[in-house]
Amino acid sequence: MLRGVMAVLGLLLLAGCAGEVGPSVEAPSMYASMAREGARVDAVAAATMISQYRQNNGLGPVAVDPALTRLAEEQSATMARRNKLDHDAKAPLAQRLNASAYPASVAVENVSAGYHTLAEAFSGWRDSPPHRANMLKSGVTKLGIAASYAPNTKYKVFWTLILASTEPPR
C-alpha cells in the first residue's frame, strides 16, 4: 500500500514538473534576420558592438544619431529598390550629407548586401580592409545604420552604415 501511495505521489510530482516552463530565452538582436518585411536593425546594439570593437582598437565609442540613421535608411532603401549595391545609388555620401544639412566634419560609409543579420554584416565589414578602416576611423563619434529587405533581388538585404562626427577636426 505504501509503495502504491509513493508511486502515485511520484507520478503527481512528475506531472507537476512537466507543466513548468522556464523563462524563454530570446536570441540577441544582432542575430535577428533582416530578410523579412518590416525588419529593423537594432541601432543601439550596432553602436554597442562597433564601440566595443573601436575600444579594443584604442578608439572612442560611437552613439546612434537619428539623422544619420535616416540617411542610412534612405541609402539602403534606394539600393534595394534599384537592386544595386552602390555607394552612389542615391548620391555620393558628401552630397547626401549636404542635402540633409548634416554638419559632418568627417564621415565614412560602409554599404553591403547579402548579410541577413547584424552579426554577419559586422563580421563582413571587420574582415574587409576598407570597411574595417571605416569602422576604425579616428574622430567619428556617431553612427546611423539600416538594412532594407528586397525579396525579389539577388542579395535580399542591403546594408548601410554611416559613421561621422560633427566636432571640428583636431
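None of these values were measured; they are calculated from a predicted model.
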Single-linkage hydrophobic cluster W159~L143, side-chain heavy atoms < 4.5 angstrom: yes
Single-linkage hydrophobic cluster, 4.5 Å side-chain cutoff, V157 and I145 together: yes
Heavy-atom side-chain contact between P168 and S105 under 4.5 Å: no
Side chains of V62 and T141 in contact at under 4.5 Å (non-hydrogen atoms): no
Over all atoms of both residues, closest heavy-atom pair of A104 and L97: CB-CD1, 4.1 Å
Aromatic ring proximity, centroids under 6.0 angstrom, Y53 and F122: yes
Candidate list E74, H87, E109, test side-chain hydrogen bond (donor to acceptor under 3.5 Å, both in side chains), partner R96, passing option: E109
Residue pair Y149 / E37, side-chain heavy-atom distance below 4.5 Å: yes
V106-V64 co-clustered via ILVMFWY side chain contacts under 4.5 Å: yes
Min side-chain heavy-atom separation F158-N83 under 4.5 Å: yes
Side-chain heavy atoms of D127 within contact of R132, under 4.5 Å: no
Side chain to side chain donor-acceptor pair (under 3.5 Å) between K142 and T166, worked out: CA-CA 8 Å; K142 301 174 183 189; T166 55; 3.2 Å; yes
E73 and R40 ion-paired at < 4.0 Å: yes
Linked, directly or transitively: V41 and V140 (ILVMFWY side chains, under 4.5 Å): yes
Exercise: identify the closest heavy-atom pair between E120 and H116: OE1-N, 2.6 Å
Minimal non-hydrogen separation, A77 against S148, with atom names: N-OG, 3.2 Å
